[in-house]
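Everything on this sheet refers to the single structure shown next.
The chain is numbered in sequence order, starting from 1.
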Amino acid sequence: MIKKNKQAIIHLQKDIVLADIISKVPHPKMVIPNNVLHDLIKAIVYQQISTKAADKIYHRLQELLDFNLGDPNRVVALQEDQLKAVGLSRQKTSYVFNIAQFFIEEQIKDEVWETMSDEAIVKYLTQIKGVGKWTVEMILIFTLYRADIFPDGDYAIQVVMKDVYKIKKEKKALLIAMNKKAEKWKPYRSLATRYLWQHIREQRKSKQVKKSKK
């Protein structure tokens, strides 16, 4: 788990809106990540389905691979029917194979990421069919612990920023407005983003509690 970065928090609190959020929500937690290959495949599993369903598929996939999802050779050795049997769609199955094959062909080692910039990693991994910019940004934040990532294409971040910053714009104008607000968070935009996600989680918890009391 990552400890609190006091310097980063002090910097982010210069934004009065974010300062209010930071004062009210728990510090977002980070756990020890897997390697990039593992977390890329995991991201594919969790795309566009409920967390509950994805948890089951992910666990089955882990069991199928003897809990060694970070080994591309093990992944490509599987049959398509085996991946479908754990619950992956045909499209997701092809994406999983694409990712593993890319890591084999490129002979990627975990150490390579240390020498690459955030932008270079996004450009490199989005060559893989099925891997988009948002997915790589999640890898940068949660797997590689890069400090200054702002996923402006994340729907939840768009919703929460429109709410707390009273942004009335949409589409391209919304992205411009969001990035202008996020400019002041540099070089700690990843932590700011995680606080915004934490804010959403706390709001959902509050709504659930209110519903349970009715």
Side-chain angles (χ1 to χ4, degrees), residues 30-146 149-159 171-172 174-175 178 189-190 193-194 197 200-201:
M30 297 270 286
V31 296
I32 297 172
N34 303 293
N35 67 13
V36 171
L37 171 63
H38 182 127
D39 285 346
L40 272 175
I41 293 175
K42 184 178 179 181
I44 295 298
V45 170
Y46 279 77
Q47 282 177 2
Q48 298 177 330
I49 59 174
S50 71
T51 301
K52 187 176 181 180
D55 285 343
K56 290 180 180 179
I57 295 170
Y58 174 60
H59 183 71
R60 290 181 200 136
L61 183 59
Q62 285 274 68
E63 288 185 325
L64 182 63
L65 287 161
D66 295 323
F67 295 90
N68 197 359
L69 193 54
D71 182 348
N73 292 295
R74 279 179 174 264
V75 177
V76 298
L78 295 174
Q79 300 297 313
E80 185 176 338
D81 287 345
Q82 288 178 287
L83 289 179
K84 289 179 181 177
V86 303
L88 288 175
S89 66
R90 178 177 296 178
Q91 185 178 55
K92 286 189 176 183
T93 295
S94 69
Y95 291 166
V96 167
F97 283 133
N98 289 343
I99 293 168
Q101 192 61 46
F102 182 84
F103 272 67
I104 292 171
E105 291 174 358
E106 295 289 317
Q107 299 182 347
I108 296 173
K109 305 296 182 185
D110 290 339
E111 299 77 25
V112 70
W113 314 115
E114 297 173 11
T115 65
M116 297 176 70
S117 68
D118 300 336
E119 295 77 13
I121 293 173
V122 170
K123 185 176 181 181
Y124 186 53
L125 291 179
T126 51
Q127 296 179 78
I128 308 170
K129 186 175 181 181
V131 177
K133 182 172 178 283
W134 178 87
T135 301
V136 182
E137 288 170 338
M138 297 305 103
I139 296 298
L140 289 169
I141 294 173
F142 294 105
T143 307
L144 297 177
Y145 293 149
R146 295 298 175 97
I149 306 302
F150 179 53
D152 59 6
D154 184 90
Y155 179 71
I157 293 300
Q158 292 179 359
V159 170
K171 298 182 180 179
K172 186 177 180 180
L174 170 61
L175 297 181
M178 287 170 61
R189 289 181 295 174
S190 296
T193 299
R194 288 169 50 219
W197 278 322
I200 296 169
R201 283 192 287 269

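- The two residues Pro72 and Ala100 make their nearest non-hydrogen contact at CB-O, 3.5 Å.
- One finds the CG atom of Leu174 at 13.0 Å from the NZ atom of Lys172 (value rounded to the nearest 0.5 Å).
- No donor-acceptor pair closer than 3.5 Å links the side chain of Thr143 to the backbone N or O of Pro33.
- The shortest non-hydrogen separation linking Asn68 to Gln62 is N-OE1, 4.3 Å.
- Other residues, nucleotides and ligands place no more than 12 heavy atoms under 6.0 Å from the CD atom of Gln107.
- The main-chain N or O of Val122 is never found under 3.5 Å from a side-chain atom of Lys133 such that the two would form a donor-acceptor pair.
- In this pair, His38 and Tyr58 present their aromatic rings perpendicular. The plane angle is above 60°, beyond the 30 to 60° band.
- Under the 3.5 Å distance criterion, the side-chain polar atoms of Asp154 are matched with a main-chain donor or acceptor of Ala156.
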Q: Mind running side-chain contact (heavy atoms from CB on, under 4.5 Å) on Tyr95 and Val131 for me, showing each step along the way?
A: CA-CA 8 Å; Tyr95 291 166; Val131 177; over 6 Å; no

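- Put simply, NZ on Lys123 and CE on Met116 are 10.0 Å apart, with the number rounded to the nearest 0.5 Å.
- Trp113 has its side chain within reach of Ile108: a pair of non-hydrogen atoms, C-beta onward, lies under 4.5 Å apart.
- Around atom CD of Gln127, more than 12 heavy atoms belonging to other residues, nucleotides or ligands sit under 6.0 Å away.
- Nearest heavy atom pair, residue Gln158 against residue Asp152, reads NE2-O, 2.9 Å.
- Rounding to the nearest 0.5 Å gives a distance of 12.5 Å between CG of Asn98 and CZ of Phe103.
- Contact annotation: the side chain of Ile141 approaches that of Trp197 to within less than 4.5 Å [non-hydrogen atoms, C-beta and beyond].
- Closest heavy-atom contact between Gly70 and Asn35: O-ND2, 3.3 Å.
- In this structure, Lys84 places its NZ atom where more than 12 heavy-atom neighbours from other residues, nucleotides or ligands lie under 6.0 Å away.
- Remark: Tyr155 OH is loosely packed, at most 12 non-hydrogen atoms of other residues, nucleotides or ligands lying under 6.0 Å away.
- Atom CG of Asn73 and atom CD of Gln101 lie 9.0 Å apart (nearest 0.5 Å).
- Contact record, Thr193 with Ile149: OG1-O, 3.7 Å, taken as the closest heavy-atom pair.
- Taking CD from Glu80 and CG from Leu88, the interatomic distance works out to 10.5 Å, rounded to the nearest 0.5 Å.
- Contact between Arg194 and Arg201 at its shortest, heavy atoms only, is O-NH2, 4.3 Å.
- For the pair Val96 and Leu78, the minimum side-chain heavy-atom distance is 4.5 Å or more.
- The OH atom of Tyr145 lies 6.5 Å from the CD1 atom of Ile32; values are rounded to the nearest 0.5 Å.
- In this structure a side-chain-to-backbone donor-acceptor pair under 3.5 Å is present from Lys92 to Gln47.
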Q: Decide yes or no on side-chain contact (heavy atoms from CB on, under 4.5 Å) for Leu61 and Ile41, but give the supporting numbers first.
A: CA-CA 10 Å; Leu61 183 59; Ile41 293 175; 4.0 Å; yes

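- Using a 4.5 Å heavy-atom threshold, the side chains of Leu65 and Asp71 count as separate.
- One side chain, Glu106 or Tyr124, offers a donor N or O that lies under 3.5 Å from an acceptor on the other.
- Side-chain contact check for Ile57 versus Tyr46: every heavy-atom pair is 4.5 Å or farther apart.
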Q: Let me see the working for Val76 and Ile104 under side-chain contact (heavy atoms from CB on, under 4.5 Å), right down to the final yes or no.
A: CA-CA 9 Å; Val76 298; Ile104 292 171; 3.6 Å; yes

Q.
side-chain contact (heavy atoms from CB on, under 4.5 Å) for Leu144 and Ile121? Distances and angles first, verdict last.
A. CA-CA 11 Å; Leu144 297 177; Ile121 293 173; 3.8 Å; yes

